[in-house]
Structures are given as C-alpha cells and as structure tokens.
Participant: 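One structure coming up, written as structure tokens, with questions to follow.
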Amino acid sequence: MKALITGITGQDGSYLAEFLLKKGYQVHGIVRRESLENEKKLINIAHIKDRLILHEGGLGDHLSIYKIFLKVLPDECYHLSASSFVNYTFNGEFDTMNINFNSTHYLLSTIREVCRGCRFFFAGSSEMFGEPSMSPQTENTKFNPKSIYGISKVASHYLLKNYRDREGIFACTGIMYNHESPRRGNHFVTKKIISTVIKIKYGLESELLLGNLDSVRDWGYSPDYVQAMWRILQLDNPDDFIISTGELHSVREFLNIAFSYLNLDYMDYVKVDPKFYREGEKIPLCGNPEKINKVTGWKNKKKLESIIYEMIDNEKNILIKS
C-alpha cells in the first residue's frame, strides 16, 4: 500500500507517517523546496526520513501535484496541510482561502484524472461549526464558521462531497477538534504555555501573558487522532466523522495542570493581557465522537493531564540539551 501525505512535516503528518510505516505502507510526502533545504523544518520526521519518499512540490501548483500523483499512484491520500492559524479578523483572507480551498481542489481533480481508486482523507476542523447552535456537535450540526480558516474548511468539505457524490471518489472529511502533542507548532497557545512554564521554572521568564483563561476546548492527542484518519479510510463506504474526545477543559485547567507538574502556582505568574483577550463561545465547541466510536471502534485514549506531562517533559529535554 502506498500513501501520500500533505503536511508530512507537521504534527499530524509526522505521527501519521510513523503509524503507516508500522503498518507496512510505502509512505510518500509532498514537501516544499525550502523545507527540504532546512533541517529545522524536517525535525518532526528526521528520525524516519530515510524510510520516507519525499517529493518537492507546492500545493498551490496543480501541475506539480499532477506529476507527483502520476509518479506515485497512491492508494491513499491524506490532506493535512493547510494555513492553520485561526484569525478572527480578515487579515490574510485571500492567502488562507486560496491555499486551503485550491489545494483540496487540485488534489481531488488529480485523483479523478489519474487514480480514481485512491482514497482521500481531508482534515476538517471544529472551526467549521464556528458559533454552533448546539453542544456537543454531531455530524448533523449546521456549519456556522466565523473565521476565514473555518470558511475555507467548509468550502473544501462541500467540494469533497461533490466529488464523492458525482464522481464516485472515496473521499472523507474528518472534523477534528483541538489535539496536542510534543510536536505542536510554536504559534499555538498550548505550546506557548508549555514553553513559558518551563522557562519560568528555570528562571528564564517571569510571567506568562494570556487572554481569556475561562475559554474551553475539546483537547485530544495527535497520535490517537491519526489512527482515526486511517480507520476512516478502511471503511467499506466513504463517510464523514467528528474526531474528538467529547470532553471540555478550560485554559485555566490546562494552566493548573502544567504549572502544578513543575511545583508552581500559575496564579503567581499568569497575567491577562487585553490584546490576547476574546470572549469565549456562548455555546462551546465540543464534539460528539459517538459515530466514529460506533462505526470504526476508535476512541481517544490519552487524557489531557498525560498529554501535558508529555509535552512538558519533551520541551524540558530540548531546553536542557540546548
């Protein structure tokens, strides 16, 4: 079996590559030239790089995608790459929309033309629900995105459904809620918390500035979530699924777990900065994983406390080595 992964150097892509290699897959990834020339951008896959087949290409270039597919003829394609920073203003709206929607379109059209038997997984997001009408959300909850990122994901999802219904492509959307790991990108608030609490512990920082501490999230574990992606593509029929824990935790709770692990009190160091503050959702984004639990048998296994401990231990080792 051959799998092609976009976003293979990211958190989910690297864990998925590991998982598929263990399953005996031949794993291919699409990587931009600047990433191939920069070891820091390949750090998440450095330990398995010699077992991967990387292809230089850009997801904004239909021709390069077409050529890669002709060469690889994958059995499965996992589209995980996206402009993933959620901005609730319209800054960068054209780039976000173009990257996220066009790349999905290029991949689906190429599958139709080159290898119709290739199964396609699209990484959706809880941001597709935006301001939901109910909580927890199910696969039948109406989409109501409030960011360009969420809008681009909804548009891509409906494009996927069109290819599935009209072209017979085995294409599925996994609507993924927040998920963490030691490989989480530096621009996410969870990684900011982890990095800063360790620096505070070692006397390198004195405070942590955050926004709304009472905001709540449905936090899962990335290595668990990539297994959900794979299970979805092994089904007899294509379908869409929410990938979540079904549990809510606040930023304040996240802080308490992280600081307490290092024998610190977050209240001594954390300050609310108005520039980071935004009101929490009136109806929280919390996914109901009942459908994927029932249909595929998948469940998120790792609890938030253990995830935070793992993230801290990993970040602490990196700081010590540096």
Side-chain angles (χ1 to χ4, degrees), residues 6-7 10-13 59-60 79-107 121-162 173-180 184-193 209-220 222 225 229 240-245 248-251 254 272-288:
T6 73
Q11 171 185 247
D12 294 350
L59 292 177
H79 183 28
L80 312 184
S81 179
S83 175
S84 60
F85 185 66
V86 179
N87 193 326
Y88 292 96
T89 71
F90 280 81
N91 294 331
E93 59 181 301
F94 296 108
D95 286 343
T96 298
M97 196 70 192
N98 288 339
I99 292 169
N100 293 353
F101 180 79
N102 288 347
S103 62
T104 308
H105 198 181
Y106 296 157
L107 288 164
F121 176 88
F122 170 65
S125 166
S126 60
E127 290 293 326
M128 294 163 70
F129 294 116
E131 294 183 344
S133 58
M134 58 180 285
S135 187
Q137 294 82 50
T138 71
E139 289 77 6
N140 296 319
T141 301
K142 183 180 178 181
F143 295 130
N144 186 26
K146 60 177 183 176
S147 66
I148 284 294
Y149 173 74
I151 292 168
S152 71
K153 289 290 187 177
V154 171
S156 297
H157 169 69
Y158 280 119
L159 176 71
L160 178 152
K161 281 178 59 66
N162 192 270
T173 297
I175 304 173
M176 297 193 293
Y177 283 64
N178 294 62
H179 47 289
E180 311 298 328
R184 174 49 101 188
N186 290 327
H187 56 286
F188 289 87
V189 67
T190 48
K191 188 64 174 287
K192 177 182 177 180
I193 292 171
L209 302 178
L210 293 173
N212 188 348
L213 305 188
D214 295 313
S215 290
V216 292
R217 290 291 180 268
D218 182 332
W219 273 305
S222 178
Y225 279 36
M229 301 175 192
D240 307 315
F241 295 88
I242 280 177
I243 305 175
S244 69
T245 70
L248 284 174
H249 300 275
S250 67
V251 173
F254 194 105
V272 174
D273 188 328
K275 73 178 180 181
F276 297 129
Y277 191 92
R278 66 181 179 86
E279 291 295 332
E281 293 82 3
K282 295 178 181 178
I283 300 177
L285 288 172
C286 180
N288 182 346

Participant: Can you name the nearest heavy-atom pair linking T104 to N100, along with the distance?
Facilitator: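 Closest approach of T104 to N100, heavy atoms only: OG1-O, 2.8 Å.
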Participant: Can you name the residues that form a salt bridge (Lys or Arg N to Asp or Glu O under 4.0 Å) with D273, not counting sequence neighbours?
Facilitator: none
Participant: Any sub-3.5 Å donor-acceptor pair from Q137's side-chain atoms to N288's backbone N or O?
Facilitator: no
Participant: Could you report the tightest heavy-atom contact between M128 and G124, atom names first, then the distance?
Facilitator: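 Minimum heavy-atom contact is SD-CA, 3.9 Å.
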Participant: Taking K153 for the side chain and A123 for the main chain, is one N or O donor matched with an acceptor at less than 3.5 Å?
Facilitator: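 Side chain of K153 to backbone of A123: a pair is present.
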Participant: Show the nearest heavy-atom pair for residues E281 and G130, with the distance to one decimal.
Facilitator: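 Shortest heavy-atom contact: CG-O, 4.4 Å.
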Participant: Keeping the roles fixed (side chain from T138, backbone from N140), state whether a donor-acceptor pair exists under 3.5 Å.
Facilitator: yes
Participant: Could you pull out the closest heavy-atom pair between S135 and P284, with the gap in Å?
Facilitator: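 Minimum heavy-atom separation between S135 and P284: OG-O, 2.9 Å.
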Participant: When rounded to the nearest 0.5 angstrom, what distance separates CE in M97 from CZ in F94?
Facilitator: 11.0 Å
Participant: Can you list the residues that meet the side-chain contact (heavy atoms from CB on, under 4.5 Å) rule with T245, with sequence neighbours excluded?
Facilitator: D218, Y225, E247, N300
Participant: What's the separation between atom CG in L209 and atom NZ in K275, rounded to the nearest 0.5 Å?
Facilitator: 7.5 Å
Participant: For a quick test of reading the model, state the closest non-hydrogen atom pair linking I151 to P145 and the distance between them.
Facilitator: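 Minimum heavy-atom contact is N-CB, 3.6 Å.
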Participant: Give me the atom names and distance for the closest heavy-atom approach of Y149 to S125.
Facilitator: CE2-OG, 3.5 Å
Participant: Run the side-chain contact (heavy atoms from CB on, under 4.5 Å) test against N178 and tell me which residues pass, sequence neighbours left out.
Facilitator: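 N178 satisfies side-chain contact (heavy atoms from CB on, under 4.5 Å) with S126, E180, R217, W219 only.
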Participant: Is it true that a side-chain atom of S81 and a backbone atom of T6 form a donor plus acceptor pair closer than 3.5 Å?
Facilitator: no
Participant: Can you tell me how far CD1 of I242 sits from OG1 of T141, rounded to the nearest 0.5 angstrom?
Facilitator: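 That separation rounds to 6.0 Å.
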Participant: Listed by chain and number, what are the side-chain contact (heavy atoms from CB on, under 4.5 Å) partners of N144, not counting sequence neighbours?
Facilitator: E131
Participant: Under the ring pair (Phe, Tyr, Trp, His ring centres under 6.0 Å) test, which residues partner H157, sequence neighbours left out?
Facilitator: F143
Participant: Just to verify, what does F121 make a ring pair (Phe, Tyr, Trp, His ring centres under 6.0 Å) with, not counting sequence neighbours?
Facilitator: none
Participant: Which is it for F241 and I175 under the side chain to side chain contact (heavy atoms under 4.5 Å, CB included) test, yes or no, and what are the steps along the way?
Facilitator: CA-CA 6 Å; F241 295 88; I175 304 173; over 6 Å; no
Participant: Mind running side chain to side chain contact (heavy atoms under 4.5 Å, CB included) on H187 and K192 for me, showing each step along the way?
Facilitator: CA-CA 7 Å; H187 56 286; K192 177 182 177 180; over 6 Å; no
Participant: Mind checking the OG-CD spacing from S222 to Q11? Nearest 0.5 Å is all I need.
Facilitator: 4.0 Å
